[in-house]
Amino acid sequence: MRGRATPAAGNDGAGPRDGGAEARDESKEAGRVLDILSSPSKTSLRWAGRIRVFPDKMTVKHLPDPPAVAHSPTSANPVSGCQWSLAITDILYFEVVVLSDLGAVAIGVAQKTVPLRSHTGSEGGNNKAFGYVSRDGGIFTGNTRVLENVFRFSTGDVVGCGYRGERGEVYFTRNGQHLKTLNAVTRSLAEGLVPTVTLEGEGTVVRFNLVGPFEYNVHTMAPNDSSNGSRRNLMTPAGAGRGTLRPGTVSKKRAEDELGPYLRCRSQKRVKLLRDKVTFSAIPDGRRSEYVLVFGSRPVPRLSSKDGAGATGSMGRAFYFEVTLASTAQLPHADHPDSLQGADIYVGLAEKTLVGLPGIEDTRSIAVWGASGALLGDDERLLRESVDPQLDPEVLGEEGGVLCLTAGDVLGCGVELESGRAFFTQNGLFAGWAGGSVGGKEDPWRMPYEAELRLYPVVAVKAGGDLVTLNLDHQGTPLRPFVYDLEYLPRLPYPPGPGATVLGGTAVGADDAGGGGWEETGGR
């Protein structure tokens, strides 16, 4: 749960209002803002053109035109765009991570009446739209270019846009550096400006960051700017402004395998890490075709006994993380004819000393292979139990094809800390407890109890076209809202009844109310 927003002070010269009514209105508005930030949905966004919103609701992609349009003699508009329903005065600052720029990206703020079929800032009239465009580094307001060739940006860059309340200024940043402040905008006008991004070029992908941590340190604002002291803590109760600080300055001593503040990797020369510190891809090596293992920096908490009784984590009942596949080459896997042509990556839990692949070359690890959706432990295909009913068994199939990872998918992995049972999620739906029960035989996967054993989130990547983002627990909360809501984690299926629902692997049990059971869907 994220920290409650602090209402902004003042009413910008408006007439006197009843103090109690004003406080109630501000509290209601703060609650609405918090709800959108902590649990975004598709209704939080407005878009036009060929836009795909990923399940995390923070990542958007520009899609190709349909064949009929692409081959039409009348050229289609090449630009698509999307806006948030939050005013810039609600959040004061936001950033966009450019995951793939295959044409152009523009970031800024604009009124909701401004068309989204041209780059933001290039139309709309004075003080109605502001934009910063990647292709030439130009900064626009309305339909006027106010600065040329500031700094071009492209894939891997982090660009931001903010609002300074006292001065009424809109400003832009690039990779943590301030670029340009534009002329004053009255608060009444600013309240109509919302975060906006426009995309051009098939396959262009960006991800919004509305809550931090940010690349730019907003505390560098001038002391007499009132918004410097009123930046509302919309991050976490323990954050105390954590989301406004640039990551990477926590540890003074750098570990050998440290890959930024959140990740670990022993083969760092083969990993390209973007500036957001959690998005990466493998650097192809023509001399070999080995997988690169990237681990989260924080392990699963130790179980307090062989039964796991009393184990707790910073997120409560479960340790959990998610992986978003921003893009993938999805090339045919000649070495794996049983592949369903998903991304050739492995996602799961393993020791940092692992040599090889998780779920295959270590008896204590577990992983999903994205190419086919197979759930693996000790080089064996595992069953999945209590799968969300929305995952149709006919679609799931014996090979687990629903877990096959394609661009835009979000795969989650976790451990229920009282039992040590591992579980997986897919795009906000519960994809099953690892292991299952068939014919009365129980064979669940449980986290091994060993005093020195520490399992970490792990992703194994090989192809340079597979761009992966990890969302991990950091200081008690995820870096971004999880797609799957852990409050809906279903009850454990054991002791199993005669009709426990088991999907994947080799069998599908009968659906019976006395079985393992499903309480409520986790999809949103």
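Computed from a prediction, not measured in an experiment: that's the story for all the values here.
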> Do the side chain of Glu215 and the main chain of Thr173 share a donor and acceptor less than 3.5 angstrom apart?
Replying inline: no

> For the ring pair Phe130 and Phe140, is the centre-to-centre distance below 6.0 Å?
Replying inline: no

> Short question: side chain of Ser80, backbone of Arg50 - any donor-acceptor pair under 3.5 Å?
Replying inline: yes

> Side chains of Tyr456 and Val300: does their closest heavy-atom pair fall under 4.5 Å?
Replying inline: no

> How many angstroms lie between CZ in Phe214 and CG in Leu210, if you round to the nearest 0.5 Å?
Replying inline: 7.0 Å

> Passes side-chain contact (heavy atoms from CB on, under 4.5 Å), Leu467 versus Leu99? Steps please.
Replying inline: CA-CA 8 Å; Leu467 187 64; Leu99 300 177; 3.8 Å; yes

>> Under a plain distance cut-off of 3.5 Å, with no hydrogens placed, do Asp466 and Thr328 share a side-chain donor-acceptor pair?
In response: yes

> If you round to the nearest 0.5 Å, how far is CD of Glu322 from CG of Asp409?
Replying inline: 12.0 Å

> Sub-3.5 Å donor-acceptor pair from the side chain of Asn209 to the main-chain atoms of Glu95, do we have one?
Replying inline: no

> Shortest non-hydrogen contact from Cys413 to Leu349?
Replying inline: SG-CG, 3.8 Å

> Can a donor-acceptor pair be found between the side chains of Glu123 and Ser118 at a distance below 3.5 Å?
Replying inline: yes

> For the residue pair His474 and Leu479, what are the closest heavy atoms and their distance?
Replying inline: CB-CD2, 3.6 Å

>> One pair to check against side-chain contact (heavy atoms from CB on, under 4.5 Å): Leu273 and Leu263. What are the steps and the verdict?
In response: CA-CA 10 Å; Leu273 181 68; Leu263 306 179; 3.9 Å; yes

> If you draw the axis of the six-membered ring of Tyr132, does the NZ or CZ of Arg174 fall within 45° of it and under 6.0 Å from the ring centre?
Replying inline: no

> Looking only at heavy atoms, which two atoms of Phe321 and Val323 are closest? And how far apart?
Replying inline: CE1-CG2, 3.9 Å

>> Any salt bridge linking Glu200 with Arg135? Criterion: basic side-chain nitrogen under 4.0 Å from a carboxylate oxygen.
In response: yes

>> For the residue pair Thr469 / Thr324, report whether a side-chain donor-acceptor contact shorter than 3.5 Å exists.
In response: no

>> Check Arg152 with Asp157, please: is the shortest side-chain N to carboxylate O separation under 4.0 Å?
In response: no

>> Would the distance check show the side chain of Thr198 and the main-chain N or O of Gly81 forming a donor-acceptor pair, the cut-off being under 3.5 Å?
In response: no

>> Using only atom types and a distance under 3.5 Å, with no angle test, would you say the side chain of Arg167 pairs donor to acceptor with the backbone of Tyr163?
In response: no

>> Using a 3.5 Å distance criterion without hydrogens, assess whether the side chain of Asp473 forms a donor-acceptor pair with backbone atoms of Pro478.
In response: no

>> Would Leu199 and Val206 count as a side-chain contact (heavy atoms from CB on, under 4.5 Å) here? Give the steps.
In response: CA-CA 9 Å; Leu199 310 176; Val206 301; 3.8 Å; yes

> Tyr484 and Pro490: which non-hydrogen atoms are nearest, and at how many Å?
Replying inline: OH-CD, 3.6 Å

> Hey, is the main chain of His62 close enough, under 3.5 Å, to the side chain of Arg52 for a donor-acceptor pair?
Replying inline: no

>> Please verify the inter-ring angle class for Tyr216 with Tyr93; under 30° counts as parallel, over 60° as perpendicular, anything in between as tilted.
In response: tilted

>> Looking at every non-hydrogen atom in both residues, tell me the closest pair between Ala129 and Ala110 and how far apart they are.
In response: CB-CB, 3.8 Å

>> Would the distance check show the side chain of Gln83 and the main-chain N or O of Leu45 forming a donor-acceptor pair, the cut-off being under 3.5 Å?
In response: no

> Taking it one step at a time, do Lys180 and Tyr171 satisfy side-chain contact (heavy atoms from CB on, under 4.5 Å)?
Replying inline: CA-CA 6 Å; Lys180 176 67 176 177; Tyr171 65 96; over 6 Å; no

> Are any of the side-chain heavy atoms of Leu259 and Phe295 separated by less than 4.5 Å?
Replying inline: no

> Nearest 0.5 Å, what's the CG-CG distance between Leu411 and Leu325?
Replying inline: 10.0 Å

> Mind checking whether Arg317 and Leu489 have side chains closer than 4.5 Å, heavy atoms only?
Replying inline: yes

> If we only count heavy atoms from C-beta on, is the Leu182 to Ile139 side-chain gap below 4.5 Å?
Replying inline: yes

> Is a donor on one side and an acceptor on the other found under 3.5 Å between the side chain of Arg207 and the backbone of Val97?
Replying inline: no

> Using 30° and 60° as the class limits, which term best fits the ring planes of Phe423 and Tyr320: parallel, tilted or perpendicular?
Replying inline: parallel

>> Rounded to the nearest 0.5 Å, what separates atom OG1 in Thr279 from atom CG in Asn471?
In response: 10.0 Å

> Would you say the side chain of Val159 lies within less than 4.5 Å of the side chain of Leu179, judging by non-hydrogen atoms?
Replying inline: no

> Regarding Ser134 and Asp101, is there a side-chain donor-to-acceptor distance under 3.5 Å anywhere?
Replying inline: yes

>> Any heavy-atom pair between the side chains of Thr181 and Val170 that's under 4.5 Å?
In response: no

>> Under 6.0 Å between ring centres: does that hold for Tyr488 and Phe430?
In response: no

> If you look at every heavy atom in Ile88 and Pro195, which pair is closest and at what distance?
Replying inline: N-CD, 4.4 Å

> How about Gln426 and Leu405: do any of their side-chain heavy atoms sit closer than 4.5 Å?
Replying inline: yes

>> Quick check: do Val194 and Thr196 have side-chain heavy atoms less than 4.5 Å from each other?
In response: yes

> Would you say the side-chain atoms of Asn427 pair up with the backbone N or O of Val410, donor to acceptor, closer than 3.5 Å?
Replying inline: yes

>> Once rounded to the nearest 0.5 Å, what's the spacing between atom CG of Asp56 and atom CZ of Arg480?
In response: 6.5 Å

> Can you tell me how far the CD1 atom of Ile107 sits from the CZ atom of Phe208, to the nearest 0.5 Å?
Replying inline: 7.5 Å

